[in-house]
Amino acid sequence: MSEPTVSTVTVLAADYFRSYSVVGLLAALGVLFVAVAFGAGRLLRPVVPTREKLLTYECGVDPVGEGWAHTQVRYYVYAFLYVIFAVDSIFLFPWATVFAAAGYGATTLVEMFIFLGFLAVGLLYAYKKGVLEWT
C-alpha cells in the first residue's frame, strides 16, 4: 500500500474543512439572526416605565407580603429521579439494537445488567431514605 502524497493529503484536508465550513456558516447566520431580532426589538419597543410596570408581576396577582416562598425539595427529587430513569430508557434502545447483532449477545447482556444494577441500587437507596414517600 502506497503512502498518500502531499497533494492527496491537502485535497482530503480541504474537503474535510469545507464540510465544516457549511456548519460554521449556518452557526454564524443563526447568531446573526438572533442578534438582529434582539436589536430590532430593543429599537422598536416603547420604553415608558411607570410605578405599576416596575412592580413584580406573577399570574395577574399583585404581590403581597414577602418575596420569599418555601418550596418543597421533594419536587426536585422526583424530577431528578425522572431524569435518571429517562436517561436509562434512552440507553436501553441502542442496547437492544446491539444485542440483536450477531456476536454481541452475552457481552452486552452482562453490561446492561451491570448498568441496571447501578440504577436499582440508587433507587433502593432513595426508597430506604424515604425519598419516594409522598407525605
Side-chain angles (χ1 to χ4, degrees):
M1 189 161 162
S2 65
E3 289 189 29
T5 62
V6 175
S7 63
T8 307
V9 171
T10 305
V11 169
L12 290 174
D15 287 341
Y16 177 77
F17 288 116
R18 188 176 302 120
S19 64
Y20 278 106
S21 65
V22 173
V23 174
L25 179 65
L26 285 174
L29 285 174
V31 169
L32 182 66
F33 179 75
V34 170
V36 167
F38 275 110
R42 186 176 181 109
L43 290 174
L44 296 175
R45 72 175 178 224
V47 181
V48 185
T50 62
R51 184 178 173 107
E52 291 82 21
K53 287 182 180 178
L54 296 177
L55 280 176
T56 303
Y57 177 82
E58 185 172 341
C59 300
V61 179
D62 290 331
V64 177
E66 292 184 27
W68 180 257
H70 181 70
T71 304
Q72 297 286 335
V73 72
R74 68 177 168 225
Y75 300 125
Y76 297 109
V77 172
Y78 281 110
F80 186 65
L81 288 173
Y82 169 76
V83 168
I84 288 172
F85 288 101
V87 169
D88 174 36
S89 66
I90 289 171
F91 281 127
L92 285 175
F93 287 112
W95 169 77
T97 59
V98 171
F99 183 68
Y104 291 103
T107 305
T108 56
L109 186 65
V110 169
E111 288 175 351
M112 188 47 64
F113 276 119
I114 290 171
F115 179 69
L116 291 174
F118 280 122
L119 287 175
V121 167
L123 186 61
L124 183 64
Y125 176 77
Y127 176 74
K128 290 285 187 183
K129 284 290 193 176
V131 172
L132 302 177
E133 294 178 12
W134 192 272
T135 56

(request) Please go through Val31's hydrophobic cluster and name the other residues, only I, L, V, M, F, W, Y counting, with side-chain heavy atoms under 4.5 Å joining them. (result) none
(message) I need the Leu116 CG to Leu123 CG distance, nearest 0.5 Å.
(response) 11.5 Å
(message) What's the separation between atom CZ in Phe38 and atom CZ in Phe33, rounded to the nearest 0.5 Å?
(response) 10.5 Å
(message) In this structure, would Ile84 and Val77 fall into the same cluster of hydrophobic residues linked by side-chain contacts under 4.5 Å?
(response) yes
(request) Using the rule that two of Ile, Leu, Val, Met, Phe, Trp, Tyr join whenever any of their side-chain heavy atoms come within less than 4.5 Å, decide whether Phe118 and Val110 are in one cluster. (result) yes
(message) Determine whether Tyr125 and Val121 satisfy the following criterion, side-chain contact (heavy atoms from CB on, under 4.5 Å), listing intermediate values before the conclusion.
(response) CA-CA 6 Å; Tyr125 176 77; Val121 167; 5.5 Å; no
(message) Could you check whether atom CZ of Phe113 has more than 12 heavy atoms from other residues, nucleotides or ligands sitting under 6.0 Å from it?
(response) no
(message) Looking at Phe85, I want to see if its CZ is surrounded by more than 12 non-hydrogen atoms of other residues, nucleotides or ligands under 6.0 Å.
(response) yes
(message) Restricting to side-chain contact (heavy atoms from CB on, under 4.5 Å), what partner residues turn up for Lys128, sequence neighbours left out?
(response) Leu124
(request) Only counting residues at least two apart or in another chain, list the ones meeting ring pair (Phe, Tyr, Trp, His ring centres under 6.0 Å) with Tyr78. (result) Trp134
